[in-house]
Amino acid sequence: MRDVRLTETGFSPADELGVFARAHDASGAIASFTGQVRPGGGVLALELTHYAPLTLPGMEKIAQEAQNRFTLAGLLALHRVGKMLPGEPIVVVAAAAAHRRDAIQAVDFMMDHLKSAAWFWKREQRNDGWHWISPRSVDHADLARWN
Amino acid sequence: MRDVRLTETGFSPADELGVFARAHDASGAIASFTGQVRPGGGVLALELTHYAPLTLPGMEKIAQEAQNRFTLAGLLALHRVGKMLPGEPIVVVAAAAAHRRDAIQAVDFMMDHLKSAAWFWKREQRNDGWHWISPRSVDHADLARWN
Amino acid sequence: MIKVVYLGQLADMAGTAESEFAATSGAIDWADLLALLENHVAPHLAEAVQADTVKLAVNGRLLADRAMLDARDGDEIALLPPVSGG
Amino acid sequence: MIKVVYLGQLADMAGTAESEFAATSGAIDWADLLALLENHVAPHLAEAVQADTVKLAVNGRLLADRAMLDARDGDEIALLPPVSGG
């Protein structure tokens, strides 16, 4: 079972994870990751732009690669796009598996690829206006671990 | 903030993760792992025995090592003991951090150590009686990754 | 008409999220696109999209080589700078 | 009295989760413990606890060397086979 979605509105990671866990109570292991807009650093808002013809198909491809690579019973990837405020969730990923390292590694793999290989452009609003964000070099290094 | 607990009664991982997430909405990254009694394989019940003078202090020590090793805003480790049924949760671990790999690696570290270095003895009830479980060799290999 | 979509910083440079061009000759190749961007959208935009890190998609399919661009009436070209992830 | 607690499979072998022994000499060392297990608890238990993988704790503190065992009245000895984790 694979559930890959984009949303333009806010969502509750706890609710999403609760639904996912109930759907996978027969799996021994469930791992998850939630990314939130970090408050502080003068950031007033965050905006994620996507390109519809590429972004969701690209996320599906990343999810399929995770399912090929690890033995999973289920995989969830939900990503918000548009403008969001500090403290609001951006992304939630969850994986269910018979064994814990499959679940944990699938989440790790998904996040590294969503961060650096998915079609999102991010900019932060500060007091002096909007600033585009580039991937950090550590993101590229994290991605290269899977090659 | 560190929250390390043993419980002799059932618990809801979704509720625990919800409370943890609300307490850490200022962290950019939250990772979690939930372990459940896997149904099937003829297992009727699972029993975890612990030794009170060692088990909780040992879990606290593992959690402290994770906090020394990774930059974390918070860490949760809740482990059930006693007799439990297929589908019931055994353990939930969550880590909050500014950066995603700290959170994910802390959860990975905690689980490897809880599996192989914490004071729990596990036995499974099958039709023909109770059987003690030994760590799998893969558990030892997983643990050795952190040395 | 052929639609051109600008993503990320390129939308800022273009001053718009997208443009539409009439393909008088029936098709637009890479050199045509650069000339249109330079003359009708914004100075320096043609230069910016020539960076190796900028990818090109036509109707949601990435082009392996920008020199292969051959957009026809009704096509959508996307100009994709490096992603910044989630 | 000195309490001895059996964990995991050792409780099955002992047929009980714990035993209590009177320390007539005032203390129990490792040889005394093995003799008590052999003669008063269960055959083969003394042999089992001599495995390198079995750890020994006194009042919740692990002993680095079982030969250092020197348990007194009121102490609790725990015999800890390899853990099987969560």
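Naming: A, B, ... by sequence-line order, numbering from 1 per chain. Model, not experiment: these values are computed from the prediction.
Few gaps surround CE on B:Met1; more than 12 heavy atoms of other groups in view lie less than 6.0 Å from it. For CD of B:Glu8, the number of neighbouring non-hydrogen atoms (other residues, nucleotides, ligands) closer than 6.0 Å is 12 at most. Atom CZ of B:Arg2 has more than 12 neighbouring heavy atoms from other residues, nucleotides or ligands inside a 6.0 Å radius.
Formation of a donor-acceptor pair under 3.5 Å by the B:Trp121 side chain with backbone atoms of D:Pro81 is found in this model.
The shortest heavy-atom contact between D:Glu76 and B:Pro53 is OE2-CG, 4.3 Å.
Using a 4.5 Å cut-off between heavy atoms, B:Arg80 makes no contact with chain D at all. Using a 4.5 Å cut-off between heavy atoms, B:His113 makes no contact with chain D at all.
In this model, no donor atom of one side chain and acceptor atom of the other lie less than 3.5 Å apart for B:Trp130 and D:Asp12.
Distance CG/B:Leu54 to CG/D:Leu7: 8.0 Å, rounded to 0.5 Å.
Under the 4.5 Å side-chain criterion, counting only non-hydrogen atoms from C-beta, D:Val83 is in contact with B:Trp119.
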